[in-house]
Amino acid sequence: MNCKHCGLPGEQAFCCPGCEAAWHHVHDLGLTDFYAIRARDRWTPQPVGTEIRTFADFDDPGFHHQHCRALEDGTMRIELSLDGIHCAACVWLLEQLPACVNGILQARLDFGRSRLHLQWDPGRCQLSQIARELHALGYMPFPATEEPKDDQDRRQLARLAVAGALAGNTMLISFALYAGEFSDMAPAHRQFFVWITTGLGMLALLWPGRVFFSQAWQGLRRGMIGMDVPIALALAAGGLDGLRCAFRGSSAVYFDSLAALVFLLLCGRYLQARQLKRARSVVSLLATFTPSWCHKITQEGTIEFPVSGLSVHDQVEVRPGATVPADGTILQGQSAIDEAVLTGESRPRSVQVGDTVHAGATNVTANLRLGVDAVGQQTRIGQLLQDVEAEQGRSDTSVQHDRLATAFVVITLLLAVIGGLTWWQVSPEHAIRVTVALLIVACPCALSLARPLTTAIAMARAAEAGILLQSARLFEHIAKPGTIFFDKTGTLTAGQPRLANWCGPEDVLQQAAAVESLASHPLAQAFSNHTSDKLEATNFSEHRNGVRAEVQGTCIAIGNRAFLSLCGVSVANDFLEQANAIASRGATAVFVARDSQCLGVAELSDGLRPEARDSVTFLQRQGWRVGILSGDATATVGHVAERLGIDANLVYAAATPEDKRAIIVSAAERGTVFMVGDGVNDAAALMAADIGLSVQGAEASMLASDGFLGRSGIAALPQLWATITAARTRIRQSLTVSICYNVLAVSLALNGWIGPLAAAILMPISSLTVAALALRQRRPSTEQAPALQPQLPVRA
Amino acid sequence: MSVIYILLPLALLLGGGAVYAFLCALRSGQFDDLDTPQHRILFDEPPSHDNRPEQQ
C-alpha cells in the first residue's frame with residue numbers, strides 16, 4: 001500500500017507522522033480535492049519532514065524589515081520560498097489559503113521557482129501562524145531572497161515586443177513598396193512609404209537594437225571584439241545607407257530586413273535566457289549553506305532567532321543534527337563536527353571547549369553552546385562563496401553569438417553593393433530589382449536562430465532527463481578534449497563507508513556494532529548491519545580517535561592505534577600488518593579491543609560507484625585526460641585512481657579549496673579543463689574550470705557549476721556527451737541547409753531570375769527549416785532519470 | 001489614393017497602442033511567471049467550506 005498523503009510505498013497507511021498530520025490538516029480545512037487534482041498529472045512522492053518549529057523568528061521586527069513589504073492599506077506582502085512543492089495540485093492547495101485562514105488576503109504560487117507570494121493583514125493573524133499553517137500542510141517555508149534580475153527579464157521582453165511590432169509593420173509596408181516595383185506607383189506615395197519604413201527602421205535600430213551597439217561598444221572598450229561588433233556594424237551600415245537613400249529619393253531601402261534581423265536576434269537571446277533561468281534557481285549562495293534560523297541563548301532562555309540578526313558575542317545553541325549558523329568558539333559541550341561541506345573530509349572532527357567551529361558545518365553528536373565570532377559574509381564559508389559569486393557575475397555576460405550570421409550579413413551587403421553596381425552598368429532599372437530581391441532573399445535570420453534554438457531545445461531535452469544545464473558554453477567546449485578532474489568523495493565514490501572485511505571473532509564484531517550504534521558519525525554506520533537486539537552498550541564515551549563502552553560486562557574500545565594505546569592496549573604485530581595492508585587498499589583500518597586486548601581489525605571502505613569505471617573509460621576513449629582532485633588522504637585517493645585506471649600524474653590529494661582552484665588554473669594553460677564535484681570545497685574549482693559539472697550534493701556547487709548531473713551522478717556523463725554531440729551535429733546540419741539555401745537563392749537573385757515578391761516568399765523557408773530541424777532532436781533516454789527537480793539538501 | 005496619408009499613420013498609431021498595452025501589462029508583472037498559469041486554468045471552482053470546523 002502507499003502512504004495516503006505522499007504516495008511512498010510502505011506497510012502502513014502513512015509513511016511518517018508528518019504525512020499523517022498533513023493529511024488530517026488537509027481534511028480539516030475541507031481541501032480534499034487536492035488529492036483528486038494531484039492524481040491528474042504526473043507527480044513525485046515526497047514525504048513531509050518531521051521537524052517541529054514554532055517559527056517565532058518570523059514575527060521578529062528585524063525579519064519583517066528585511067523580508068516583508070508594507071502596503072498603504074496596512075497589509076503586508078512577503079515572498080516565501082517553499083520546500084515540498086512537487087505538482088500542480090500544490091498550486092491549487094496553496095491558493096485556497098485565503099479562504100481557509102483568516103487574515104491571508106492573497107496567495108499566489110510561482111510553481112517554477114517554488115515561491116509563494118503572500119499578502120496578509122498583520123492585525124488579523126501573525127506571520128508565524130501562517131508559517132505553521134504552511135508547515136502543517138506539508139511545506140517548509142523559508143524567506144526568499146531578492147531577485148534583482150527580474151527587471152532585466154522584463155526589459156528583454158519589452159525590447160522583443162517593440163522589435164516585433166516594428167519588424168512586422170515595416171515588412172508590411174515594404175510589401176507595398178515591392179509591389180510598387182512591378183506596377184506604377186506614384187512617386188509621392190513611394191516616397192511616403194520610404195519615409196515611413198525609414199522612420200520605423202531607425203526606431204527599430206535605436207530602441208530595441210540599441211543593445212547590440214552598447215554591448216559591442218563595451219566589448220571594444222575591454223579590448224575584445226565580441227560577436228556584437230559585426231552585428232552592430234551591419235546594422236549601422238544598413239541604417240546609414242538606408243537614410244542616405246531615403247534622402248536621395250531612391251527606394252532601395254531595406255529597413256524591413258534590418259528590423260527583422262533585430263527582432264530575430266533578440267528572439268534567439270530571449271529563448272536562451274529563458275532556458276537558463278529555468279535551470280537556475282536564484283538564491284543567494286550563502287543562504288543555502290547556513291540556516292536561516294537558530295536557537296539564540298538570551299536572558300529569558302533559548303528562543304528561535306533569525307540568523308541574519310545575530311551579532312558577534314551572541315550565544316547560540318547548536319543541537320545534534322543542526323547546522324552551525326555562524327563561526328564561533330565552543331563555550332560548553334563536547335561533540336563531533338562534520339565539516340565535509342568545507343573540507344570534503346568525510347570523517348567528523350571531535351571538538352571541545354575552546355575549539356572553533358565554522359558556519360555550514362553539521363553538529364553530529366551532542367549539544368554545543370557557541371560564542372559567535374563572525375556572522376554572514378565574514379564567516380569562512382561566506383568569504384569562500386563571495387569569491388564564487390564574484391566569478392559567476394563576471395561570466396554571466398557571455399552570450400552565444402553567431403559569427404556566421406554576422407559575417408553573412410556583411411557579405412550580403414557587399415554582394416548587394418557589387419551586384420547593384422554591376423547591374424547598373426548593364427541595365428539600371430534591373431539593378432534596383434536585383435538588389436532588393438537579393439536583400440530580401442538572403443536570410444541571416446535562420447543562421448542567427450540555428451544555434452540558440454538548437455541549444456535551447458537540447459538543454460530542455462536534457463532537463464527532462466534530469467540533467468540541468470545552466471549555460472550553453474558546454475556546447476563549444478566539449479569539442480576540444482582537454483583535462484577533466486573529478487572530486488573523489490561523493491562523486492566517484494558513494495560517500496558511505498561500509499564494512500568491507502572483519503578479522504576477528506564474530507561475537508567481538510557484534511559487541512563492536514552495539515558500541516557503534518551509539519556513536520553517530522558516518523564511520524559508525526558501517527557497523528549497522530551487524531547489530532543484534534540482544535546486545536546493549538552502556539557507559540558510552542566518544543573521543544578524538546575512537547569510542548569506548550561496556551557491553552556484557554566487558555569494556556570494548558574501538559579506534560586507531562593511537563587511541564588504543566591511550567586505553568592501555570597494545571596491538572599485536574600481525575594486526576598491524578593487516579592494518580597496513582588495508583591502508584594500501586585505500587580503506588580505513590579500525591581496531592577493536594576487549595578488556596585491554598586487541599582482538600580484531602575492521603576494514604572500512606567507501607565504495608566506488610559502479611559506473612565510475614565505465615564513465616572514466618568512456619571519457620578517456622573520447623580523448624580526455626582524466627584526473628582526481630580530492631581533499632582526502634593520499635593513500636586512499638591513490639588507490640581509487642589505480643582502480644579506475646587514472647594516470648597518477650593527474651591525481652592530487654589532500655587539496656584545500658584554494659589548492660583545487662590553483663590546480664585548475666594551471667591545468668587551463670594546457671587546454672580545456674572540466675571539473676566534476678559536489679561539495680562547497682569544489683565550488684571555487686568549479687567556477688575556475690572552463691566547465692564545471694556538479695553531482696547530487698551541496699547546493700552551492702550546483703549554483704557554481706555549468707551543469708547539474710542529478711541523482712544518476714557521473715553515470716549521466718556518457719548520456720550528456722551524446723546529447724550535446726547530437727545537438728552540435730544538428731546545428732551543423734541546420735547551418736549547412738541554411739547556407740545552401742542562401743547560396744542558391746542569392747545566386748538566383750543576382751542573376752535576376754527571381755523578383756522581390758518571389759524572394760519575399762522564399763525567405764521564411766530557411767527559417768522554418770532550421771526550426772523544424774531543431775525541434776526534431778530526440779529526447780535522451782529517460783530510464784536513468786529519477787526526478788525533474790533536484791532534491792534539495794535538508795536545511796536545518 | 002491620397003487616403004493612404006491618413007490611413008497609414010492611423011494604422012501605426014493603432015499598432016503603437018497595442019505595444020503600449022503590452023508594456024503596461026509587462027510592468028504590472030503579468031509576464032513574470034509564465035509557467036504556473038498553465039496549471040491554474042485547469043482548476044475548478046473553489047470548494048465549499050461547510051464541513052470545515054470554525055476557525056478560532
Proximity breakdown for [X] and chain B, heavy-atom pairs closer than 4.5 Å:
{"X": "A:Ile196", "value": "side chain"}
{"X": "A:Leu109", "value": "backbone"}
{"X": "A:Ala188", "value": "both"}

Is there a side-chain contact between [X] and [Y], using heavy atoms and a 4.5 Å cut-off?
{"X": "A:Gln106", "Y": "A:Arg77", "value": "yes"}
{"X": "A:Leu134", "Y": "A:Leu97", "value": "yes"}
{"X": "A:Trp120", "Y": "A:Leu127", "value": "yes"}

Do you know which of A:Leu200, A:Leu157, A:Val162 has the most heavy-atom pairs under 4.5 Å to chain B?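 It is A:Leu157.
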Distance (rounded to the nearest 0.5 Å) between [X] [atom1] and [Y] [atom2]:
{"X": "A:Arg108", "Y": "A:Leu116", "atom1": "CZ", "atom2": "CG", "value": "11.0 Å"}
{"X": "A:Thr197", "Y": "A:Leu203", "atom1": "OG1", "atom2": "CG", "value": "12.5 Å"}
{"X": "B:Leu10", "Y": "B:Ile4", "atom1": "CG", "atom2": "CD1", "value": "11.0 Å"}

Once you measure the plane-to-plane angle for B:Tyr5 and A:Phe192, does it fall in the parallel (<30°), tilted (30-60°) or perpendicular (>60°) bin? perpendicular
For chain A, which residues of residues 19-31 of chain B have heavy atoms nearer than 4.5 angstrom: B:Val19, B:Phe22, B:Leu23, B:Leu26, B:Arg27, B:Gly29, B:Phe31
Would a distance-only check, ignoring hydrogens and angles, find a side-chain to backbone donor-acceptor pair under 3.5 Å from A:Thr75 to A:Leu71?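 No, because the side chain of A:Thr75 does not come within donor-acceptor range (under 3.5 Å) of the backbone of A:Leu71.
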